[in-house]
**Q** 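Quick one: structure below, then a few questions.
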Amino acid sequence: QVQLVESGGGLVQAGGSLRLSCAASGRTFSNYAMGWFRQAPGKEREFVATIGWSGGRTSYADPVKGRFTISRDSAKNTMYLQMNSLKPEDTAVYYCAASKGLLIRLWPYEYDYWGQGTQVTVSS
């Protein structure tokens with residue numbers, strides 16, 4: 001079992017920045033690929049970014065490329081999502097997830113563990 005806890009969400013003006021954190025516990029953090037997803041009201045959960053077990057490979061959804069950066073710190077068992085140049089359309093609940101596979105994962109069904117989510121609201 002892996003327990004995931006997100007933090008760092010909040011209210012920010014358009015153009016601002018936030019850094020989300022995902023603290024993992026329960027199993028060896030470096031054995032899992034990790035990802036961020038988001039879900040806006042009335043919409044399906046969508047992929048945001050993913051990072052492989054070593055941190056050497058990442059992938060991003062097109063709407064966030066060039067603005068968001070995913071990273072992980074195995075010493076701290078924590079994954080991050082640095083979000084810059086935020087837009088109102090980035091408003092959503094952001095979830096972190098862990099996959100038993102080592103490589104990057106793009107789809108929700110590929111993940112085995114999920115956090116409770118943290119709200120990000122971007123005002124215009």
Side-chain angles (χ1 to χ4, degrees):
Q1 280 287 72
V2 174
Q3 292 78 43
L4 304 172
V5 179
E6 303 96 335
S7 62
L11 174 63
V12 64
Q13 289 189 332
S17 298
L18 283 174
R19 188 176 81 155
L20 304 183
S21 298
C22 173
S25 62
R27 290 281 186 173
T28 304
F29 180 66
S30 59
N31 287 350
Y32 296 85
M34 303 290 292
W36 287 99
F37 289 78
R38 66 187 182 186
Q39 189 166 17
K43 295 187 177 181
E44 294 187 353
R45 190 167 299 189
E46 65 175 5
F47 167 73
V48 175
T50 180
I51 187 166
W53 68 278
S54 68
R57 188 169 182 183
T58 59
S59 181
Y60 297 89
D62 285 344
V64 308
K65 281 181 180 177
R67 299 188 299 121
F68 290 11
T69 302
I70 189 172
S71 62
R72 64 191 296 167
D73 184 338
S74 293
K76 296 182 178 180
N77 282 3
T78 302
M79 175 180 65
Y80 304 98
L81 186 68
Q82 178 66 44
M83 304 186 296
N84 298 330
S85 302
L86 282 161
K87 304 175 181 180
E89 51 263 44
D90 294 318
T91 295
V93 177
Y94 283 70
Y95 298 90
C96 70
S99 170
K100 294 178 182 177
L102 300 179
L103 304 179
I104 58 174
R105 297 284 188 261
L106 304 182
W107 302 100
Y109 71 84
E110 296 180 294
Y111 287 83
D112 302 285
Y113 305 102
W114 292 83
Q116 293 300 306
T118 185
Q119 176 70 48
V120 172
T121 303
V122 185
S123 62
S124 57

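In this text the structure is predicted, and so the values were computed from the model without any measurement.
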**Q** Is there a donor-acceptor pair under 3.5 Å between the side chain of Ser21 and the backbone N or O of Tyr80?
**A** no

**Q** Excluding sequence neighbours, so at least two apart, what forms ring-ring contact (aromatic ring centres under 6.0 Å, His included) with Phe37?
**A** Phe47, Tyr111, Trp114

**Q** In this structure, which one of Val48, Ile70, Ile51 forms a side chain to side chain contact (heavy atoms under 4.5 Å, CB included) with Tyr60?
**A** Ile70

**Q** Side chains of Glu44 and Glu46, heavy atoms from C-beta outward: is any pair under 4.5 Å?
**A** no

**Q** When rounded to the nearest 0.5 angstrom, what distance separates CZ in Phe68 from OG in Ser17?
**A** 9.5 Å

**Q** Could you go through the side-chain contact (heavy atoms from CB on, under 4.5 Å) check for Gln119 and Thr91 one step at a time?
**A** CA-CA 8 Å; Gln119 176 70 48; Thr91 295; 4.0 Å; yes

**Q** Under the salt bridge (Lys or Arg N to Asp or Glu O under 4.0 Å) test, which residues partner Lys65, sequence neighbours left out?
**A** Asp62

**Q** So do the side chains of Val120 and Met83 get within less than 4.5 Å of each other, counting heavy atoms only?
**A** yes

**Q** Atom OH of Tyr113 and atom OH of Tyr32: how far apart are they, to the nearest 0.5 Å?
**A** 4.5 Å

**Q** When you measure from the side chain of Gln39 to the backbone of Ala92, do you find a donor-acceptor pair of N or O atoms at a distance under 3.5 Å?
**A** no

**Q** Following the transitive rule for hydrophobic clusters with a side-chain heavy-atom cut-off under 4.5 Å over Ile, Leu, Val, Met, Phe, Trp and Tyr, establish whether Leu20 and Val93 coincide in one cluster.
**A** no

**Q** Could you list the residues that satisfy side-chain contact (heavy atoms from CB on, under 4.5 Å) with Ser85, not counting sequence neighbours?
**A** Arg67

**Q** Sub-3.5 Å donor-acceptor pair from the side chain of Ser99 to the main-chain atoms of Glu110, do we have one?
**A** yes

**Q** Closest approach of Asp90 and Val122, non-hydrogen atoms and distance?
**A** CB-CG2, 4.3 Å

**Q** Output the distance between atom CG (Asn77) and atom SG (Cys22), rounded to the nearest 0.5 Å.
**A** 10.0 Å

**Q** Spell out, yes or no, whether Ile104 and Val2 are grouped together once hydrophobic residues are joined by side-chain heavy atoms under 4.5 Å, including indirect joins.
**A** no

**Q** Let me confirm one number: the CG-OG distance from Asn31 to Ser74, rounded to the nearest 0.5 Å.
**A** 9.5 Å

**Q** Measure from the side-chain N and O atoms of Thr118 to the backbone N and O of Tyr94, and report whether any donor-acceptor pair falls under 3.5 Å.
**A** no

**Q** Is the backbone N or O of Gly52 less than 3.5 Å from a side-chain atom of Arg72, with the two atoms forming a donor-acceptor pair by type?
**A** yes

**Q** Looking at CG of Asp112 and CZ of Arg105, how far apart are the two atoms once the value is rounded to the nearest 0.5 Å?
**A** 9.0 Å

**Q** Using 0.5 Å steps for rounding, measure from the CG atom of Leu18 to the CD atom of Gln82.
**A** 8.5 Å

**Q** Check whether Met34 and Leu106 end up in the same hydrophobic cluster, where Ile, Leu, Val, Met, Phe, Trp and Tyr are linked by side-chain heavy atoms less than 4.5 Å apart.
**A** no

**Q** Decide yes or no for Pro63 and Arg38: does some side-chain heavy atom of the first lie under 4.5 Å from some side-chain heavy atom of the second?
**A** yes

**Q** Arg57 versus Thr50: any side-chain heavy-atom pair under 4.5 Å?
**A** no

